[in-house]
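Owing to the predicted nature of the structure, the values given are computational and were not obtained by experimental measurement. By convention in this document, chain letters (A, B, ...) are assigned in the order of the sequence lines, proteins followed by strands, and residues within each chain are numbered from 1.
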Number of protein chains: 2
Amino acid sequence: MSKYFTRINLIVTFVRSKFMVMFSLSEENYLKAIFHLQTHPKAGVSTNALAEEMQTKASSVTDMVKKLSDKNLVIYKKYQGVYLSESGRETALQIIRKHRLWEVFLVEKLDFTWDEVHEVAEELEHIKSEKLISELDKFLDYPKRDPHGDPIPDAQGDFQVANKTLLSDLSKGEKGTLVGVKDTSPEFLKYLDKNDIALGKTIEVVDKEEFDGSMLIQIEDQSLRVSTMVTANIFIKI
Amino acid sequence: MSKYFTRINLIVTFVRSKFMVMFSLSEENYLKAIFHLQTHPKAGVSTNALAEEMQTKASSVTDMVKKLSDKNLVIYKKYQGVYLSESGRETALQIIRKHRLWEVFLVEKLDFTWDEVHEVAEELEHIKSEKLISELDKFLDYPKRDPHGDPIPDAQGDFQVANKTLLSDLSKGEKGTLVGVKDTSPEFLKYLDKNDIALGKTIEVVDKEEFDGSMLIQIEDQSLRVSTMVTANIFIKI
DNA sequence: TAAAATATTTAGACATCTCTAATTTTAAAA
DNA sequence: TTTTAAAATTAGAGATGTCTAAATATTTTA
């Protein structure tokens, strides 16, 4: 009798871990923030950096990080910073997948511009429905990138890491295609729109000023001088 | 100088009241529940009825109703039940508008069935973006009804109240078109699907049993016997 | 390496929304 | 119309997620 009971328990545990895991809005946002800040896979994210990203206080971060650690979503040792665990990383990637799919929907179907989508997608990414996301993915014809050029993880959390370079790292004479932006703030995106700089366009470094790093670039038919504030936020595929 | 200051203040106040009013998830759900329970415009909704609808306790309802009253969303006198104020009604209608538009989206664009949409729409209805809803409305080509036949309020909160009758109120020989369902539970909707009963179909009362109210109905090519559990949840337009 | 500066954590408190266990008010029954 | 039953409210407390202020660790600098 107790043998059967144990087997049923194991199945229930499996089902819950695969489909019923629910996290609060705040927990999901923390996981996403840790993912974005964790550039080097083994470098912990500091409490202050997380507080800055989450627009909150360090003490609040400590509390939440403990909670996430209790749920095995992060690895945390006092004063040592925090890392995503494997399950934390999977969860973060699913939230990012939802965020980016909704961004594609907003731009392609609802006529949003690429500087308007982030705020709304921040809310839509927390809607809980496996079917909603798989059907949305199908409806959008399985897009590989969001409107800013960022890759969209698939249902398994896998995504292509593009070999891309910052425009600011290119030398005079080099050229490539604009494949992404690092800064996705409305201010920067509107600047790009105003100057007709868009994903997919060809950019060549005509001249580079040693003093301040500013560049004269040829973007399709247009010649333009841009500062490092701009070139350090544009990704190029050579 | 102070005259200008006053004018600016007035404008800001107007803008906030028109576009920036934010309510919590819980507040929005209470307003919606009160709207649905308030069948007679001047009959107050009782605390217990609200508690039942909200799946919570009467004491929690009393607390929340006081809060809504402080915000002038409801009219509330102790022990006398609660009504929606004009602004509470407007807010409730906007949430219902969003809910029903999302249901149309889910069925028409993402291949959801009419028994699957409610749960997801309950989450989507709380996303805050004027543009999102107006663009979604446009994308769906300004639908007038949701997948269950319920009317969708427009941006001003206006909607058509159809002259519809319960099938159970029809007499032998009367016929009409199926224009809506009262019970939108997955169980009932799946029963309808299984028996090929759908919106838009013509139904005629071939025979009505006096004893239990059950009916023999002709629905297009099909002849079917149905209980009052069914007939009391189907709306007909004669 | 000791003092100073910075980063992080702890302690205690607050707001929101919920609950249980009384208490009070209203409605129904005798 | 008094008693009883039902409905609604208040009081006090718990969970979550936040904050400020104080205490403790770590890192930097002299």
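In this structure, B/Phe23 places its CZ atom 14 Å from P of C/dT16, rounding to the nearest Å. Distance B/Glu27 CD to C/dT18 P: 10 Å, rounded to the nearest Å. Residue A/Leu25 contributes atom CG, which lies 15 Å from atom C1' of C/dT16 at whole-angstrom precision. One can place NZ of B/Lys66 at 15 Å from P of C/dT16, the figure rounded to the nearest angstrom. Separating the CG atom of B/Leu50 from the P atom of C/dT18 is a distance of 12 Å, rounded to the nearest angstrom. Protein atom CG of A/Asp63 is 12 Å distant from nucleotide atom P of D/dT16, rounded to whole Å. Atom CE of A/Met64 is separated from atom P of D/dT16 by 10 Å (rounded to the nearest Å).
Applying the 4.0 Å criterion to OP1 and OP2 of C/dT16, one finds that B/Tyr30 has every side-chain N and O outside that range. Checking the phosphate oxygens (OP1, OP2) of D/dT16, no side-chain nitrogen or oxygen of A/Ser24 falls inside 4.0 Å. Between A/Asn48 and C/dT8 there is a side-chain N or O to OP1 or OP2 distance below 4.0 Å. Residue A/Ser26 has a polar side-chain atom (N or O) positioned under 4.0 Å from OP1 or OP2 of D/dT18.
Taking the ring centroids of A/Phe35 and A/Tyr83, they lie at or beyond the 6.0 Å cut-off.
Surrounding NZ of B/Lys109 are more than 12 heavy atoms belonging to other residues, nucleotides or ligands, all under 6.0 Å away. No more than 12 heavy atoms of other residues, nucleotides or ligands shown are found within 6.0 angstrom of CD on B/Glu52.
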> Under the salt bridge (Lys or Arg N to Asp or Glu O under 4.0 Å) criterion, do A/Glu125 and A/Arg97 qualify, and how do the steps go?
Replying inline: CA-CA 8 Å; A/Glu125 71 189 7; A/Arg97 166 173 161 78; over 6 Å; no
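For B/Thr62, counting side-chain heavy atoms from C-beta on, the closest listed nucleotide (C/dC19, D/dA8, D/dT18) is D/dA8.
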Can you list, pair by pair, the side-chain donor-acceptor contacts under 3.5 Å of residues 68-79 of chain A, counting residues two or more places apart and other chains?
residue	atom	partner	partner atom	Å
A/Lys71	NZ	A/Glu27	OE1	3.4
A/Lys71	NZ	A/Glu27	OE2	2.7

Please list, one pair per line, the donor and acceptor atoms closer than 3.5 Å that link side chains of residues 145-152 of chain B to other protein atoms, with sequence neighbours excluded.
residue	atom	partner	partner atom	Å
B/Arg145	NH1	B/Gly149	O	2.6
B/Asp146	OD1	B/His148	N	2.7
B/Asp146	OD1	B/Gly149	N	3.1
B/Asp146	OD1	B/Asp150	N	3.1
B/His148	ND1	B/Glu103	OE1	3.3
B/His148	NE2	B/Trp114	O	2.9

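In this structure, B/Lys128 pairs ionically with B/Glu28, as a charged nitrogen and a carboxylate oxygen lie closer than 4.0 Å.
Residue contacts for B/Lys77: at a heavy-atom cut-off of 4.0 Å it reaches no nucleic acid atom on any strand shown.
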I'd like a list of close polar pairs between nucleotides 20-28 of chain C and the protein, N/O only, cut-off under 3.5 Å.
residue	atom	partner	partner atom	Å
C/dT20	O4	B/Ser59	OG	3.0
C/dT25	O4'	B/Tyr79	OH	3.3

